[in-house]
Asker: 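Let me give you the structure first, and then I'll get to my questions.
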Amino acid sequence: DTEVTQTPKHLVMGMTNKKSLKCEQHMGHRAMYWYKQKAKKPPELMFVYSYEKLSINESVPSRFSPECPNSSLLNLHLHALQPEDSALYLCASSQDQGQATNYGYTFGSGTRLTVV
Amino acid sequence: GQNIDQPTEMTATEGAIVQINCTYQTSGFNGLFWYQQHAGEAPTFLSYNVLDGLEEKGRFSSFLSRSKGYSYLLLKELQMKDSASYLCAVRRSGGSYIPTFGRGTSLIVHP
């Protein structure tokens, strides 16, 4: 299995809703990432988990809450989002976070989130 | 910090060759990635350069000059399916080792 699987593919939520995005990989990768991508913009890093521990939080608002239940799963819990949070949310994984990772990051196909 | 620059958009003809440039400024350098991203889809890994020179992989080649802070992606025998955004990403030495993406170059291949 060489894929990163994200669910759901599309999500529409109100500003008072609570929802979760899910990401799964079975490549034995020990680093997992959440990125946010707006239209015609590059992916922007949000969070990094390394060996199931949060290693980087890029000053993301607390309405986004990541969780790594085990080495294969990564969740992003959403609460009280704003319309400007509408974007493509990408999950990625790599063998590890550090210098040994020379062959790229595997991305999931993303969740297209619309906040109304 | 890092500064990565790519052209916003390029057009080319099916069967032709196109070169997409990426220039960067960084306080330390630990590798440069190229990714392809079709609209609404995940970025897919194309190449990784950490030493100067040309890396060839089928129709795609990537070149790096560390002294000039410059890379290019060369696409040969263009096909319509190559229409996509091409993202250059630079990784810094030290710190988190997480690459920073450039804004991407939208390539349009026409018949």
Side-chain angles (χ1 to χ4, degrees), chain A residues 2-7 9-10 23-25 27 29-50 53-59 86-114, chain B residues 1-10 20 22 24 28-51 55 57 60 62 64 71 73 83-108:
Chain A
T2 57
E3 290 187 345
V4 173
T5 303
Q6 287 188 245
T7 56
K9 292 196 182 307
H10 300 274
C23 174
E24 190 168 1
Q25 58 88 14
M27 295 176 281
H29 287 176
R30 303 316 299 265
M32 296 184 76
Y33 311 79
W34 280 115
Y35 284 86
K36 173 183 177 180
Q37 187 177 25
K38 299 281 249 182
K40 299 190 184 298
K41 299 286 187 183
E44 295 179 0
L45 184 69
M46 300 175 72
F47 301 104
V48 180
Y49 272 82
S50 179
K53 294 194 186 310
L54 183 66
S55 69
I56 296 176
N57 176 342
E58 291 285 285
S59 303
S86 298
L88 181 68
Y89 287 84
L90 293 164
C91 175
S93 70
S94 64
Q95 283 183 308
D96 62 53
Q97 181 186 327
Q99 203 162 8
T101 306
N102 290 334
Y103 296 102
Y105 300 73
T106 303
F107 283 85
S109 56
T111 294
R112 175 79 54 193
L113 175 68
T114 304
Chain B
Q2 289 176 299
N3 185 26
I4 302 169
D5 195 30
Q6 305 178 236
T8 303
E9 189 173 291
M10 299 181 71
I20 303 174
C22 172
Y24 64 88
F29 178 80
N30 192 251
L32 186 146
F33 297 86
W34 283 98
Y35 280 85
Q36 178 192 62
Q37 187 177 25
H38 287 98
E41 297 183 11
T44 54
F45 171 75
L46 292 178
S47 67
Y48 173 76
N49 294 69
V50 66
L51 299 175
E55 297 274 346
K57 195 186 292 186
F60 292 8
S62 57
L64 175 67
S71 173
L73 182 69
S83 293
S85 181
Y86 290 85
L87 300 161
C88 169
V90 175
R91 186 165 68 184
R92 281 172 55 189
S93 57
S96 70
Y97 296 105
I98 307 297
T100 299
F101 285 88
R103 63 184 173 181
T105 298
S106 178
L107 174 67
I108 301 167

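Every chain is numbered from 1 and lettered A, B, ... according to where its sequence line falls, protein lines coming before strand lines.
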Asker: Partners of K41(A) by side-chain contact (heavy atoms from CB on, under 4.5 Å), sequence neighbours excluded?
Answerer: K38(A)
Asker: Can you tell me how the ring of Y35(B) sits relative to the ring of F107(A), calling it parallel under 30°, perpendicular over 60° and tilted otherwise?
Answerer: perpendicular
Asker: Is a side-chain N or O of Q25(A) found less than 3.5 angstrom from the main chain of M27(A), in a donor-acceptor match?
Answerer: yes
Asker: Looking at chain A, which one of G104(B), G31(B), G102(B) has the largest number of heavy-atom pairs inside 4.5 Å, strictly under?
Answerer: G102(B)
Asker: So for Q37(A), is it side chain, backbone, both, or neither that comes closer than 4.5 Å to the heavy atoms of chain B?
Answerer: side chain
Asker: G110(A), G108(A), A92(A): which one forms the most heavy-atom pairs within less than 4.5 Å of chain B?
Answerer: G108(A)
Asker: Check side-chain contact (heavy atoms from CB on, under 4.5 Å) between T7(A) and all other residues, then give those that pass, not counting sequence neighbours.
Answerer: K22(A)
